[in-house]
Each structure stands twice: as structure tokens, then as C-alpha cells.
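Single-structure report; data block below.
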There are 2 protein chains.
Amino acid sequence: MKTERILGHIRQKIHLTDEEGAIVSQSFKFRTYLKGQYIIQERDVSRYQTFILSGKVRTFYLDNKGNEHIIAFGIEDWWVGDICSFATQTPAEFNTQCLEKTTVAQISFQDMEQLYRDVPKMERYVRIIIQAAYGSMSKRIVRNHSMSAKERYLLFTQTYPEIVQRVPQYMIASYLGITKEFLSHIRKQIAEERKN
Amino acid sequence: MKTERILGHIRQKIHLTDEEGAIVSQSFKFRTYLKGQYIIQERDVSRYQTFILSGKVRTFYLDNKGNEHIIAFGIEDWWVGDICSFATQTPAEFNTQCLEKTTVAQISFQDMEQLYRDVPKMERYVRIIIQAAYGSMSKRIVRNHSMSAKERYLLFTQTYPEIVQRVPQYMIASYLGITKEFLSHIRKQIAEERKN
DNA sequence: AAAGGAAATTAAAGTAGATTAATAGCCTTT
DNA sequence: AAAGGCTATTAATCTACTTTAATTTCCTTT
């Protein structure tokens, strides 16, 4: 059941009684998006926190020259969206778009605040999730400064092999902060090195 | 009083009764570091969460070529350290060093966990703080990909004018992910543009 | 006021990665 | 199987930024 999936994820981090579990379950709504549809678009206020049950998405920023910059991918069991927009209920700077048919669990801002009151432990769950996300973000900044594009690509393929297989290359280039042409060049280099 | 300063910061985000405030206050210890001393060194486990009362610090990463990469600065009223190391009680990847005499409030991992049990609202406080920090980290990644070094420097000077004044230039270059020589070059450009 | 060391500037040469543009491969639809 | 539209490759030229190295300015100590 859909509810089980997200409850399972929460229960990996905090203990919930059956009653609390029921309250949590009832707070979520389920929705399916088609390929290309947007879960959140920049300038809209992010009304929902979104947990992916199946499918895959990308979160990206559109700069003033019209170029897309992918900040994050999301697949099964990942939280996605513009956390800043949701937390402060201000217009989003980021877009979250589905790269294939994607089923999600969503909780609205009001329901989340109510849930924090009804099941205060959920504060702990969200804190733990965000702390981990923050940690990986800081490491990413450091890597962008201390590693070459080639090194970052190799690290990415090791860390997220499922994403490498399921996402077009030009999006991985965007995530790494390089052009698709240069990623192609890097891949050629790597292929040639492996021949020897 | 030292205690007031950190309590004040917490009370901006959550409501605390007098009794809760007292428990929170008692959980913190105060300490003063001299210029150059380390609050946390890589490979040590971060035992404390640290809040700056006065002074300034930098958090940096040492890459395998021996180059320093500054991830963050910290001044009055900022939380600093290696959150990942503290949260998971695993060895730190980052160093936090005082750039001048610095007075801090610290809470140990055990006391923090006890405080979460005694004053569960503290989960909420930390969640709110980390959510904001996460938001600014994501924006920073995007900016590193979509803006030139010059644009990033100008944005930095606007956003953190106090830091620009209190920190040597070569550290700001490191934070921006460029060399000190190139920052010098950028500054010259900007100065010349302002003449006209 | 001199000395010494750290921080900042300048300039020349070098490189990682961007840009442009052309071509090729590969799905999907008909 | 042909057509059309994405996705990926390749190669030439270009540029933002690095590296190296020398010089200068600024701060601290005596």
C-alpha cells in the first residue's frame, strides 16, 4: 500500500505508535503526474512537501540567460521540491518537473503544521532528514571547488548508478555544472583510459 | 548575560516557558577560544554544537593536494561546525578555526539528545534553523553554476558586508572558489568601472 | 623607525572548460 | 522504412580562471 511506503521511511528514523502512524497516514494525499508535468514551478508558492513513491523528477533553476541548472534529481523514497519556498511559504525559485510518470505522497503546509502539533515527533523526523540533506549539500560545494569535472563525474556515477542509467546525459552535465559537450569529451577520455 | 543571547535567538523561532528556558540555558557551556585555535578538526568526532557569542570563525576543507577550501564563515549569532559529524557522531571532514578570540556557547551530543527529550520544541527550533541553512546552500550551488566569479563576489559583498570587512581577501576568494590572484584582478576591474 | 612577515597586487603564460557548429545515432510515429 | 525530433559525439576556436613568479603594501613587533 502507498501509505506503507512513506510510513516505512519515517519509521526508519523515529518510532511511531499505531495511533500516530494513522494520523501521519491520513495527512498525506496521493497524486500521479505525467512525464513533463511540474510538481512545483518557480514563482508559485510551494503548497506541498512531496515524497516520491515511484518515477523520477528533476529540480532545476532557470537563470536570466534562460539556461537550466539542475540542482537535484529525485527517485523513489526521496523528498523533493523547493524546501525554502515550502518552509517560508514564499515564491519558489526552483522548478520540480517529472521526467517520467511519477506517483507521489504530498502533505500541505497547513496539514504539516497540524501534524507537527498532533505528532511532535515529526519535527524530529524532518530535522533528521534535512540535516542529512544539508550535510550532503555542503560536501557538494566543497567537491565543486576541489575536484575537476572528470573527478566529479566519476564520483557521481559511483554514488548514483541508478540515476546515471535513468537520466539523459545532458541533465547529468547540468547537475555537475558543465556543458553536455564537455561531458561527452570526458566520457571519451574515460573510455580510452579503460582500453589500456 | 551570555545565556540571554542564545535564549533570545531560540525565542525568535519558538516559544519557551520560563521553565523550559531554564532547562535550555543549563544545557549550554561557555568557552573562549584564542585566535588560530580549532573548535573542530577533521577526523575528530564533533562532540559539540557551537553557537558564536562573539568573535569570528571559518569552516574549511583540506583537499588531498593540501589546499584549503572555505565552506563557511561564522560570526555572532551563527551556528558553526560540521553538522554531519555532530549529527551522526562520525569523524569530521571539516575544520572550524577561530580567526580571532571567539566566545561560544556549546552543547554536547548527549545533552542535546537529552534536551530534545526534555524540551521537544527544540527539535522544531533546530529544524527551522537547518531548513534555512539548507535553502541557502542550494541557492549557493546554483549561483556557483550560473554566475561568474565577478558576479558572485559582488553578491557576496552585498549580502555579507560585515564579513568582507572582517576577513582577509584570500579567504573570501577561497569561499567563492577562486584564487586570491583572480579576486585581486576582479577587484581592480570593479574599481576601474566605478571611476567612470 | 627599522625589520620582518603576512596579505594584496600585477603581469605573463598556461589550461580546464565553454561556445559554436556540424554530424551522427537513436527513438518514436506514421 | 522513411521522417522527424531529440540525444550524443566530435572538433575547432575562444575565454574565464589558474599557475607561477616577482613586486608592493600593510601590519606587527621590537
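Worth knowing before you read on, the calculation uses all heavy atoms, side chains too, and leaves out hydrogens, waters and symmetry mates. Chain identifiers are assigned alphabetically (A, B, ...) following the order of the sequence lines, protein sequences preceding nucleic acid strands; residue numbering begins at 1 within each chain.
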task: Report yes or no: do B:Arg58 and B:Tyr175 form a side-chain donor-acceptor pair below 3.5 Å?
output: no
field: Nearest-Å distance for atom pair CD/P, residues B:Gln189 and C:dT10
entry: 12 Å
statement: Per atom distances to the A:Phe182 side chain, the nearest of C:dT9, C:dA18, D:dA8 is C:dA18
query: So does B:Glu151 pair up with B:Arg143, basic N to acidic O under 4.0 Å?
result: no
Please tabulate, one pair per line, each protein N/O and nucleotide N/O from nucleotides 20-24 of chain C that are separated by under 3.5 Å, including the distance.
none

message: Tell me the interatomic distance from B:Leu176, atom CG, to D:dC17, atom C1', rounded to whole angstroms.
response: 13 Å
- prompt: Is there a side-chain polar atom (N or O) of A:Arg187 under 4.0 Å from OP1 or OP2 of D:dA8?
  reply: no
field: Heavy-atom pair with the smallest gap, counting every atom of A:Ser27 and A:Asp111
entry: O-OD2, 4.0 Å
field: Given A:Arg5, A:Arg166, A:Lys56, the one that forms salt bridge (charged side-chain N to carboxylate O under 4.0 Å, His left out) with A:Glu76
entry: A:Arg166
message: By nearest atom, which of the nucleotides D:dT18, D:dT7, C:dG17 is closest to the A:Tyr170 side chain?
response: D:dT7
Presence of salt bridge, A:Glu20 and A:Arg11, under 4.0 angstrom: no
- request: May I have the distance from A:Asn67 (atom CG) to C:dG17 (atom C1'), rounded to whole angstrom?
  value: 15 Å
- prompt: Is a side-chain donor-acceptor pair under 3.5 Å present for B:Thr103 with B:Thr32?
  reply: yes
task: Considering only NZ, NE, NH1 and NH2 on the basic side and carboxylate oxygens on the acidic side, decide whether B:Glu113 and A:Arg124 come within less than 4.0 Å.
output: yes
query: Under the criterion salt bridge (charged side-chain N to carboxylate O under 4.0 Å, His left out), which of B:Lys121, B:Lys13, B:Arg127 is the partner of A:Glu123?
result: B:Arg127
message: Tell me whether the side-chain N/O atoms of B:Thr179 come closer than 4.0 Å to OP1 or OP2 in D:dT18.
response: yes
- prompt: Considering only side-chain heavy atoms of B:Gln169, which listed nucleotide, C:dA7, C:dT9, D:dT10, is closest?
  reply: C:dT9
message: So for the helix from C:dA1-D:dT30 to C:dT30-D:dA1, with five pairs setting each end axis, what is the inter-axis angle to 10°?
response: 50°
- prompt: Just how far, in rounded Å, is P of C:dT28 from CD of A:Glu100?
  reply: 13 Å
message: Between B:Lys180 and B:Glu68 (salt bridge meaning N to carboxylate O under 4.0 Å), is one present in this structure?
response: no
field: Length of the line joining B:Arg152:CZ and D:dC17:P, which is rounded to integer Å
entry: 6 Å
message: Just the rounded figure in Å: distance from C1' of C:dA11 to CD of B:Glu192.
response: 14 Å
message: Would you say B:Lys188 places a side-chain N or O within less than 4.0 Å of OP1 or OP2 belonging to C:dA11?
response: yes
query: Between A:Leu99 (CG) and D:dT7 (P), how many Å, whole number?
result: 10 Å
- prompt: Rounded to whole angstroms, how far apart are NE2 on A:His185 and P on D:dA11?
  reply: 10 Å
